[in-house]
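Down below is the structure, laid out as structure tokens.
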Amino acid sequence: MATATTTAAPGRSEAPGAAPARTHCPYCALQCGMSLAPRDDASALPVEVSPRDFPTNRGGLCQKGWTSATVLRATDRITTPLLRGADGELHPASWDAALDVVASGIARVRSEHGRDAVAVFGGGGLTNEKAYALGKFARTVLRTANIDYNGRFCMASAAAGANRAFGADRGLPFPLADLGGADAVLLLGSNLAETMPPSVQHLAGVRSRGGLVVVDPRRSATAALTGDPEDQGEGLHLQPVPGTDLVVLLALLHVVVVEGLVDEAYVAARTTGFDDVRRSVMAWWPERAETVCGVPAERLRHVARLLAAASPSRGGGGAYLLTGRGVEQSTQGTATVTATVNLALALGLPGRVGSGYGAITGQGNGQGGREHGQKADQLPGYRRIDDPAARAHVAAVWGVDPETIPGPGMPAVTLLRSLAAPASPDGTGGGPRALLVHGSNVVVSAPNADRVVDGLRALDLLVVCDLVPSETALLADVVLPVTQWAEEEGTMTSLEGRVIRRRRALDPPGEARSELWILAELARRLGSDVAFPTDPAVVFDELARASAGGVADYSGLSHARLDADEDDGGPGLFWPVPAGAPDAGQAGAPHPGTPRMFLDRFATPDGRARMVAVDHVGPSDDVRPDAPLYLVTGRVLQHYQSGAQTRRVPELDRLVPAPFVELHPVLGLRLGVGDGDRARLTTRRGEIEAVARWTDRIRPDTVFIPFHWSGEGSVNRVTTDATDPVSGMPEFKVCAVDVRRAAGTQEVVA
Ligand SMILES: Nc1nc2c(c(=O)[nH]1)N[C@H]1C(S)=C(S)[C@@H](COP(=O)(O)OP(=O)(O)OC[C@H]3O[C@@H](n4cnc5c(=O)[nH]c(N)nc54)[C@H](O)[C@@H]3O)O[C@H]1N2
Ligand SMILES: Nc1nc2c(c(=O)[nH]1)N[C@H]1C(S)=C(S)[C@@H](COP(=O)(O)OP(=O)(O)OC[C@H]3O[C@@H](n4cnc5c(=O)[nH]c(N)nc54)[C@H](O)[C@@H]3O)O[C@H]1N2
Ligand code: SF4
Ligand SMILES: [Mo]
């Protein structure tokens with residue numbers, strides 16, 4: 001491949017003393033509003049973070065947000081491209097050299113193994129513009145079917161459930177602040193108090209009315225918000241056996257049905273499928289459910305009545321049912337979301353102001369990241385890649401023949417599992433041999449991660465774009481340094497479906513470049529004549545055109561409109577925002593956006609929500625004599641995801657420097673694992689070790705480990721890569737484990 005001269009990266013510098021940039025936190029989907037003021041003192045941090053009043057955070061930030069500027073100057077920030085040399089080490093290289101190696105490597109793999117042998121792995125932290133460009137690059141330049149992203153680990157079951165029921169998937173189809181007025185909120189498998197701390201303010205109203213119900217095998221910080229267990233006769237923290245939420249939900253709907261609490265008028269007018277669902281829950285009377293999920297039958301009845309009393313059909317002030325990763329990251333994730341939706345529909349909640357069902361999106365752009373085409377089965381605008389009309393529309397925007405757009409590719413877990421898999425003797429069925437990673441640290445965050453590492457090592461070409469040398473970047477043949485949040489312009493879509501602006505506050509260090517530029521350079525080197533603009537505002541305009549008429553319609557938006565709206569005090573617009581007037585009466589006025597969806601009809605062909613009967617099967621890797629305990633995984637407040645960013649913030653690292661395993665003292669005594677001992681955990685996949693922490697806030701049959709670290713305590717080395725049959729989402733939350741004191745630790749004295 002000929003060496004091409006690299007064009008200058010677009011960018012603009014901020015003059016010293018420039019006004020603070022109005023932007024949002026780099027981390028989670030709450031997208032707390034913050035301002036970044038340039039600092040001209042000699043401080044190590046180039047900008048000063050201060051919170052802004054924005055509807056999700058109302059002036060609050062969590063510890064990660066407050067310390068986010070530290071990552072901009074991480075001591076090991078990558079500032080030049082890196083190439084693996086003959087000595088096996090990564091060495092600095094010029095952009096031209098690095099991009100040539102990538103382009104020639106792709107060309108070689110493609111000619112030897114075919115187009116689908118080059119795969120792409122994206123991320124829900126990418127801006128809308130980058131996610132769109134990445135999907136377009138995969139389909140038009142690489143012409144590979146194999147692109148998927150880490151949202152498969154995160155939102156796939158919620159998305160599958162919502163698409164099936166409502167015909168559209170916007171995590172919260174209503175503004176978060178609407179929760180404030182409800183009489184009841186049921187939170188299933190979500191630990192908001194640690195994962196989105198400022199959002200807890202929106203629960204103040206429902207807490208004061210005694211209507212917050214939390215379902216979690218641990219008494220998490222969020223479960224503790226339901227009140228003192230001693231004070232509440234009935235108990236609004238349900239602590240089921242891990243992986244049995246579906247049974248809890250079937251029993252709740254059973255009670256609603258047999259006690260005549262169904263909103264029959266709503267069900268008749270706005271849904272289909274209730275007869276099947278009604279029949280299917282008859283088998284789950286509370287006493288039977290209790291034998292499976294362990295939640296006392298009387299508590300199930302109490303919670304069902306509390307939710308029904310809050311329903312507007314019974315004169316209540318409104319109710320919300322919300323799911324988080326605790327119930328979705330399961331082989332029954334889609335079924336559990338469906339059961340939650342069924343309950344919500346039976347109570348007449350979705351599509352009513354002040355009530356509803358929602359899934360709490362996780363990553364900074366976890367919502368937008370699933371709309372613009374980096375998912376294996378999708379094209380921009382949340383269109384299906386197997387829909388001929390969608391293909392024709394998007395092909396016209398891209399300037400390509402629809403026939404050249406590949407079909408659906410492998411979902412993330414299958415993709416990672418098949419890396420470098422040998423072809424069968426007839427030459428078919430081999431796995432990808434080259435992988436481009438943008439915004440994910442799969443070595444730490446993918447299930448059954450040791451197996452993923454084996455696949456990554458066996459590739460002919462691994463290219464990782466990152467800000468820091470993540471564990472995944474350290475395995476790469478080529479590492480490309482990219483700009484991060486405060487160094488780039490773009491848009492994000494928050495957990496409420498609100499499209500908001502990310503703004504540049506400072507120049508990137510060294511040679512770091514935007515992915516928009518990297519993709520344009522690679523397209524050119526690979527001989528493509530498809531256009532890859534590098535100005536985010538121009539990319540957004542194209543994305544908006546590509547989304548026109550789709551479910552997630554952004555066609556009425558532009559950077560300029562979002563900026564003008566914000567100047568007028570508007571905190572972003574909710575999609576769908578089609579171009580043109582909302583109705584003939586307001587000719588010329590731009591569409592105002594859609595804070596609340598489904599008020600008149602659902603996005604299904606007949607406008608009705610679809611109820612689908614589901615039943616409980618249980619976890620794929622269930623407890624048994626040689627692995628008698630449940631291993632559940634999740635997060636702590638101080639660390640974000642694979643920890644690639646937050647482990648590099650000294651304040652956060654000091655607070656929680658290493659993984660730990662939570663277990664109940666009763667279990668600790670039985671196993672001889674004392675508080676502070678090292679515990680060894682063994683599953684079918686392998687073994688890890690972590691320090692034991694005794695707590696009475698967890699079921700005695702369950703242990704919990706956060707997943708933010710690599711190395712000997714990295715829990716994903718032992719999690720299962722079994723997936724949900726509908727969504728492809730892995731079962732991160734529950735597997736069977738054997739726990740003992742690690743050899744060499746002192747005998748427990750109790
Ligand atoms: N501090 C922090 N905040 C984050 C993130 C982070 O990494 N760190 N990541 C962001 C992202 S991408 C996401 S997806 C969200 C995730 O946000 P959450 O869904 O709130 O986070 P998790 O801690 O993964 O899981 C929530 C709870 O599920 C419980 N759980 C485990 N197994 C089960 C089960 O079988 N049933 C039930 N009912 N509950 C169970 C766990 O005990 C845990 O308390 O957080 C976002 N915010
Ligand atoms: N056991 C267990 N495992 C889990 C989960 C769990 O609950 N339990 N949760 C799962 C969930 S919900 C999620 S979302 C995943 C997330 O896990 P990952 O996909 O690993 O997510 P991050 O750690 O956020 O990785 C993002 C990487 O991209 C880099 N980065 C940040 N911004 C950019 C950018 O603009 N461009 C590029 N190229 N890189 C960037 C960061 O430095 C970091 O290395 O983990 C999943 N894994
Ligand atoms: S809650 Fe999420 S968006 Fe808000 S400051 Fe913390 S990490 Fe950032
Ligand atoms: Mo996530």
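All ligand and atom numbering here is 1-based and tracks the order in the structure. All residue numbers in this chain count up from 1 along the given sequence.
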Any side-chain to backbone donor/acceptor pair from [X] onto [Y]? Under 3.5 Å, distance only.
X: Q201; Y: P198; answer: yes
X: N716; Y: T719; answer: no
X: D148; Y: A376; answer: yes
X: E496; Y: L176; answer: yes

Is there any N or O on [X] that sits under 3.5 Å from an N or O of ligand 2?
X: K130; result: yes
X: H438; result: no
X: R325; result: no
X: N716; result: yes
X: S642; result: yes

Which protein heavy atom lies closest to [atom], and at what distance to 0.1 Å?
atom: atom 39 (N) of ligand 2; value: G439 CA, 3.4 Å
atom: atom 20 (O) of ligand 1; value: N191 N, 2.7 Å
atom: atom 9 (N) of ligand 1; value: R635 NE, 2.9 Å
atom: atom 27 (C) of ligand 1; value: D216 OD2, 3.3 Å
atom: atom 25 (O) of ligand 1; value: K733 CE, 3.4 Å
atom: atom 18 (P) of ligand 2; value: S445 OG, 3.3 Å
atom: atom 13 (C) of ligand 1; value: G362 CA, 3.3 Å
atom: atom 8 (N) of ligand 1; value: H639 O, 2.6 Å
atom: atom 35 (O) of ligand 1; value: G243 N, 2.8 Å
atom: atom 28 (O) of ligand 1; value: G326 CA, 3.2 Å

Under 4.0 Å to a heavy atom of [X] - the qualifying atoms of ligand 2, by number:
X: V482; answer: 36 (N), 37 (C), 38 (N)
X: V468; answer: 42 (O)
X: A644; answer: 43 (C), 44 (O)
X: Y640; answer: 24 (O)
X: E515; answer: 34 (C), 35 (O), 36 (N), 37 (C), 38 (N)
X: L126; answer: 34 (C), 35 (O), 36 (N)
X: C465; answer: 37 (C), 38 (N), 39 (N)
X: N441; answer: 18 (P), 19 (O), 20 (O), 25 (O)

(message) Taking distance alone, with N or O pairs closer than 3.5 Å, would you say K64 contacts ligand 1?
(response) yes
(request) Using distance alone, decide if ligand 1 has a nitrogen or oxygen within less than 3.5 Å of any nitrogen or oxygen in G634. (result) no
(request) Would you please test H24 and F54 for ring pair (Phe, Tyr, Trp, His ring centres under 6.0 Å) and show each step? (result) CA-CA 9 Å; H24 296 268; F54 178 71; 4.7 Å; yes
[X] and ligand 1 - part of the residue with a heavy-atom distance under 4.0 Å:
X: H708; answer: side chain
X: I360; answer: neither
X: L637; answer: backbone
X: D245; answer: side chain

(message) Is V636 close enough to touch ligand 1? Criterion: a residue heavy atom under 4.0 Å from a ligand atom.
(response) yes
(message) Please list, in number order, the atoms of ligand 1 under 4.0 Å from a heavy atom of R218.
(response) 41 (C), 42 (O), 43 (C), 44 (O)
(request) State plainly whether the residues E662 and R218 are in salt-bridge range, i.e. N to O under 4.0 Å. (result) yes
(message) Around atom CZ of R417, are there more than 12 heavy atoms from other residues, nucleotides or ligands closer than 6.0 Å?
(response) yes
(message) Does the plane of the ring in W709 sit parallel, tilted or perpendicular to the ring in H639? Use 30° and 60° as the thresholds.
(response) perpendicular
(request) Report yes if the distance between the aromatic ring centroids of F153 and F732 is under 6.0 Å, otherwise no. (result) yes
Given [options], which has its nearest heavy atom closest to [atom]?
atom: atom 12 (S) of ligand 1; options: E662, E731, Q641, Q329; answer: Q641
atom: atom 47 (N) of ligand 1; options: N150, T195, V632; answer: T195
atom: atom 40 (C) of ligand 1; options: A223, P217, C154, P619; answer: P217

(request) Could you name each residue pair satisfying salt bridge (Lys or Arg N to Asp or Glu O under 4.0 Å) that touches residues 468-478, not counting sequence neighbours? (result) E471-R647
(request) Answer yes or no for M155: is there a heavy-atom contact with ligand 2 below 4.0 Å? (result) no
